**Q** 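Pasting a structure below so you can have a look.
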Amino acid sequence: MSQEVGRGSENHSDSTPYSFGGSWTPSAVELERRIARKARGRKNSLVAAASSILVLGTLATIVVTSPGWKNLSDTFFKWAYGFEVLPKIILGFGANVFLTVIAATSVAIFGLILALVRTSRSPAITPFRILATIYVDVFRGIPMLLIILLVGFGIPALRLKGVTNNVFILGICAVIITYSAYVAEVIRSGILTVHPSQRAAARSLGLSNFQTLRYVVLPQALRRVTPPLLNDLVSLIKDTGLVSILGVTDAIRAAQIASSRSFNYTPYVMAAGIFLLVTIPLTRYTDRTLRKSIDRQNAQGLA
Amino acid sequence: MSIPVLALEKVRKAFGSEVVLEDISITVPEHTATVFIGASGSGKSTLLRCINLLEQIDDGVIRLDGADITDPSVDPDEIRRKLGMVFQSFNLFPHMSVVENIILAPMRVHSKSREEAISEALELLDRFGLCEKAEQYPDRLSGGQQQRVAIIRSLAVKPRLLLLDEITSALDPVLVNEVLSTVRDLKEHGMTMLLATHEMGFAKQVADEVCFLERGRILEWGKPEEILENPKKPQTQEFLKRVHEAGRL
Ligand SMILES: Nc1ncnc2c1ncn2[C@@H]1O[C@H](COP(=O)(O)OP(=O)(O)O)[C@@H](O)[C@H]1O
Ligand SMILES: [Mg+2]
């Protein structure tokens, strides 16, 4: 049996060239190592637990024993009141979710177009490329709050015929305008990291410029920028709250109404909790995708 | 005599002020293999890229089946469809499985149906003993397997001429042979080829003509026995001596 080891015959395609001798039991050395590893693992987790308790405990004690704590917990953590207004805040959060869905879809399309225009080398696109560059530079350089105010109050002031005065729609537009600039840059960076040899291979197969982009460059680029795009999605969810300054009743606005009625800030804490409920899982997921994509790139580097 | 598949006449290429190819004239008749040897940096890759119109030449003419492909009115995509190119670094598309890599051009460029493209791809994979890798992704394949898939991918569009650029240079010595035997197989089946290689033993086996390139010029050319065994020019002798010392003969 052991003679079969190696690449003796021409047809090494059918079975595995190596055969393992059935069952295996760990040797004494390995068993010893395992015991040592386990002991060290136990010690490590003990140290971690002790230090966590010490640090977090100290922090909690400092906060709770501070002179203002009683006052603060009454205004920020009055749970009974918090749960009373919770339905209103959740309803408001519906507006944030709706804004996010609409904005994310439009941003994906508009951002992609901007990125494609900016990376294109075709001479016919030149004027658009300049415009896209200016667009991205301008809207990445202005605080989003300002853009929301300018669009939300500026456009109705123009009194254009047929243009909406609906703050909800104007708010969405402002968010889309800003985030498209961010997302365009992320996608563009992804396109630029695809190695030129991939393009050369595609072109030498006879694929056109557009086909190369569509089937070879973009799929790789988008896969690479998925983690930063997910990060932008988390930011987008939070930033939809900014449209509340236009008077859109989102979670933040709902909390603001509730708290101004009772001079208690618990509704804000509730709103924060609701945002966290959505953003934390998404952040964790982003983290996992990032690690996976790094692993994949490492694997490709080794091949 | 019939028209050669490929003919270069006094081709010149410069990058800025650096002249990379100068006065290159060759003909590649049908069913023959022309092999370019020469030190790294002598311009072999650039020459192949010029033929594939990935680079624009500065002077001279390149003819494919007699037609001038350097004419500005020629559509480069149209020409590349007739040429297959395999690179030193494989350049498989990492986001596609082996079979998807192979059927991409037949489907998108040659408008074949998916079924037809797949069945042809599987036939090719079978012919080169890679059938069970069809569904794998490139990063799960050995370098030699990846390069053979790259060759198959370029064959799938039934090229008039195959351009092979140092296709074994990035490979483990153990894996070189499987790739070379694939190329030998193609040669026996009448494929017209232009190769750049450092594998002198292999060059001797497949080449109908060997050209020694130095600093962008063809210094010496002829039958493989002449060039590889009795080179006339001192530069060729020097080059072959160095290759020999590196253990590649
Ligand atoms: N895109 C490029 N821009 C500038 N110089 C280049 C470029 N590609 C190749 N060269 C130069 O051309 C010369 C020949 O390179 P190459 O064709 O890759 O040689 P070989 O394939 O024989 O090793 C080298 O000196 C290289 O630096
Ligand atoms: Mg080269």
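In what follows, chains are A, B, ... by sequence order, proteins preceding strands, each numbered from 1. Because only heavy atoms are used, hydrogens play no part in the values below, and waters and symmetry mates are left out as well, while side chains stay in. The shown structure was predicted, so the numbers you read here are calculated from the model rather than taken from an experiment.
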**Q** Starting at CG of A:Leu205, measure out to CG of B:Leu83 and round the result to the nearest 0.5 Å.
**A** 11.0 Å

**Q** Please state whether the side chain, the backbone, both or neither of B:Phe87 comes within less than 4.5 Å of a heavy atom of chain A.
**A**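 Side chain of B:Phe87 only, per the 4.5 Å heavy-atom cut-off to chain A.
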
**Q** Hey, what do you get for CG (B:Leu180) to OG1 (B:Thr197), rounding to the nearest 0.5 Å?
**A** 6.5 Å

**Q** Go through B:Leu53, B:Leu163, B:Leu92, B:Val86 and name the one with the most non-hydrogen pairs under 4.5 angstrom from chain A.
**A** B:Leu92

**Q** Evaluate the side-chain proximity of B:Asp77 to A:Arg203: yes if any heavy-atom separation is below 4.5 Å, no if none is.
**A** yes

**Q** In terms of heavy-atom proximity below 4.5 Å to chain A, should B:Leu54 be classed as side chain, backbone, both, or neither?
**A** side chain

**Q** What part of A:Gln211 gets closer than 4.5 Å to chain B, counting heavy atoms only: side chain, backbone, both or neither?
**A** side chain

**Q** Could you tell me which portion of A:Arg214 (side chain, backbone, both or neither) has an atom closer than 4.5 angstrom to a non-hydrogen atom of chain B?
**A** neither

**Q** Could A:Arg291 and A:Asp287 be called an ion pair, given the rule that one side-chain N must be under 4.0 Å from one carboxylate O?
**A** yes

**Q** Compute both the distance and the angle, then confirm whether B:Arg153 meets the cation-pi test with B:Phe90: under 6.0 Å from the six-membered ring centre, within 45 degrees of the axis.
**A**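 No, B:Arg153 and B:Phe90 do not form such a contact.
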
